[in-house]
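Please read the structure below before turning to the comments.
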Amino acid sequence: MNILNILEEIEKTDAEVYERISPRRKAMAEFYGFGKKVALASLPLALGTMFKKAYAQTASADVEAVLQFALTLEYLEAEFYTRGVAAAGLIPAGAPLGAITTIRDHENQHVAFLKTALMSLGKTPVSKPTFDFSAGKGSNSGPFANVFTNYDTFLAVAQTFEDTGVRAYKGQAPALIGSGGVLTAALNIHSVEARHAAHIRQMRKARGANVKPWITGMDTGIGAIVQKSYEGEELETQAGIKITGINGQAISVNAATEAFDEPLTKAQILAIVDPFIV
Amino acid sequence: MENLRTQKDHSARLDRRSFLQFAGAGAAGIALLAAGCKKDESMMMDSTGVNLGSGDVGILNYAYALEQLEAAFYTRVASSFYTGITEAERLLLSDIRDHEIAHREFFKNALGSNAIPGLEVDFSMINFSSRESVLGTAKAFEDLGVSAYNGAGVLIKDAAYLTLAGKIVSVEARHAALIRDLISNGSFANSEVIDNNGLDKSRLPLEVLGIAAPFIKTKINANDLPKS
């Protein structure tokens, strides 16, 4: 990655680029310092941030709001898996513990990434809330009171968090149009959450749950307690086009609903996670 | 003060947004990155072949092309499953075939008269009787599809189209995770595809089409796709 080449290319168009990024050496130092925390793959975001500074653009309130919202959800997931992995005897050793550890690490990476992104935009990341993973709003005796002692409960909550997370990021994407690297980063997290969801669902299937890696209709595979995380997934029509039996193809209702995941609004997501936040 | 958006009209040889996207393309994009950043000339492209079009229509046609490829692949897979397939695998691969057909037909109808024609595929290098060959190809296609939709997001102008792409990409990611787990349980989101920030890959159309090219006989012209 030759950053100097990039700057030179910009210079051809904008001779004042070095004044905008002034002084160049300082900007580069900032950039490289930032780069230590943010690896190569997130370079678009880092570069975007540098250019935003250079061109005196500030992140829109919308973009900040999305990042703060995403950070709150990632805090929830990260602490959930961190506590799950730490709970002695909860997750069977071997493949299950390996998978949950992988997911835990991703969620912690998402937290760190979003915090860094917010700080690089000059924003203060929201603090981590206090969570009650029993969904008891602080009572710790909610419907999932045995979440860290019962493996099936743990996996059920994990599935709900992942499927809900996918819907949350999807719902926020339009607010990031025009944000360049921020939108791409959000999409790159979104698909990771979907990969997690698929794996957790297969883990549950292996333990007898009636679920597939994808969401069929608005089936939870868990029960009414998490229905709100699945409402709306039963859509058979996309952009006015009925998918079931489309163009004479043998597409069942189930397949039509599975083929498209549906977004949720921020308000819907906040209502879903509310019992988990003290 | 001018910003990155309003400077679009300047005759820059380098499109800023596009190199930002190249930068995000991951290890496989390093060659393209070097080409894009070091040479003071546009990438030379052939102007013959099926033209995907421009703007959001171009991106939708790009997605339609990829869905055609995936749907054709799984249709072939399901027409005569590989040797030794389990019932569970048969059901899962049939589901995926249906999802990809649903995606393909959706784009066809959504694009209407703007839709590119049906593409001719080339699966001659796939051994459809071999589990390893079929799942290995499926993994490549699904991971590629995820990165393609992720990379196309910033090229889409219309919020409804962006949401539609989002509705599909997470299903592709579910497919990718499942196929990966069928090959090696626990590889659903390993370091081949997820970086140290916990981010999946994104790729630009040119890179994606280059990777897909050996499987598509029909020549595709992506010259008019949005660059930013």
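Everything numeric in this text was worked out from a predicted model, so none of it was measured. The chains referred to below are lettered A, B, ... by the order of the sequence lines, with proteins before strands, and numbering in each begins at 1. What you see below is based on every heavy atom in this structure, not just the backbone, and it leaves out hydrogens, waters and symmetry mates.
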Does the pair A:H199 and B:N185 meet the rule for a side chain to side chain contact (heavy atoms under 4.5 Å, CB included), with working shown?
CA-CA 9 Å; A:H199 188 81; B:N185 187 34; 3.4 Å; yes
Please walk me through it: do A:I177 and B:K157 pass side chain to side chain contact (heavy atoms under 4.5 Å, CB included)?
CA-CA 7 Å; A:I177 287 178; B:K157 299 283 182 268; over 6 Å; no
Please classify the contact of [X] with chain B as side chain, backbone, both or neither, using a heavy-atom distance under 4.5 Å.
| X | result |
| --- | --- |
| A:T102 | side chain |
| A:R201 | side chain |
| A:A99 | both |
| A:Q238 | both |
| A:V166 | side chain |
| A:E258 | both |
| A:A112 | neither |
| A:I100 | neither |
| A:H190 | side chain |

Separation between [atom1] of [X] and [atom2] of [Y], rounded to the nearest 0.5 Å:
| X | Y | atom1 | atom2 | result |
| --- | --- | --- | --- | --- |
| A:H196 | B:I194 | NE2 | CD1 | 6.5 Å |
| A:I243 | B:H99 | CD1 | NE2 | 12.0 Å |
| A:L187 | B:K201 | CG | NZ | 16.0 Å |

Would you tell me whether [X] and [Y] have side-chain atoms, one donor and one acceptor, within less than 3.5 Å of each other?
| X | Y | result |
| --- | --- | --- |
| A:N188 | B:N150 | yes |
| A:K170 | B:S170 | yes |
| B:E105 | A:N247 | yes |

Please state whether the side chain, the backbone, both or neither of [X] comes within less than 4.5 Å of a heavy atom of chain A.
| X | answer |
| --- | --- |
| B:L91 | neither |
| B:N109 | both |
| B:D158 | backbone |
| B:A160 | neither |
| B:R180 | side chain |

Are any non-hydrogen side-chain atoms of [X] and [Y] less than 4.5 angstrom apart?
| X | Y | value |
| --- | --- | --- |
| B:K167 | A:L235 | yes |
| A:E193 | B:D200 | no |
| B:T163 | A:P263 | yes |
| A:L183 | B:L162 | yes |

Counting neighbours of CZ on A:F80 that are heavy atoms of other residues, nucleotides or ligands and sit closer than 6.0 Å, is the number greater than 12?
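Yes - once you tally the heavy atoms of other residues, nucleotides and ligands closer than 6.0 Å, there are more than 12.
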Within a reach of under 6.0 Å around NZ of A:K212, are more than 12 heavy atoms found that belong to other residues, nucleotides or ligands?
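Buried by this count: over 12 neighbours within 6.0 Å.
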Closer than 3.5 angstrom, by distance alone: can the side chain of B:H103 be matched with the main-chain N or O of A:A259 as a donor-acceptor pair?
yes
For the pair A:H110 (side chain) and B:G198 (backbone), establish whether a donor and an acceptor sit closer than 3.5 Å, ignoring hydrogens and angles.
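Yes, the answer is positive, given that a donor and an acceptor are paired below the 3.5 Å cut-off.
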So does B:D143 pair up with A:R195, basic N to acidic O under 4.0 Å?
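A salt bridge links B:D143 with A:R195.
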Indicate the atoms forming the closest heavy-atom contact of A:P213 with B:L178, along with that distance.
CG-CG, 3.7 Å
Options B:L92, B:I156, B:N190, ranked by heavy-atom pairs under 4.5 Å with chain A, top entry
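Highest number of pairs under 4.5 Å: B:L92.
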Go through B:S147, B:A189, B:A159 and name the one with the most non-hydrogen pairs under 4.5 angstrom from chain A.
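Highest number of pairs under 4.5 Å: B:A189.
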May I have the step-by-step check of side chain to side chain contact (heavy atoms under 4.5 Å, CB included) for A:F113 and B:N196, ending in yes or no?
CA-CA 10 Å; A:F113 180 83; B:N196 289 335; over 6 Å; no
One option among A:N254, A:I241, A:D261 has the most heavy-atom pairs under 4.5 Å with chain B, and it is A:D261
Using the ring of each side chain (for Trp, its six-membered ring), is B:F106 parallel, tilted or perpendicular to A:F260, with breaks at 30° and 60°?
perpendicular
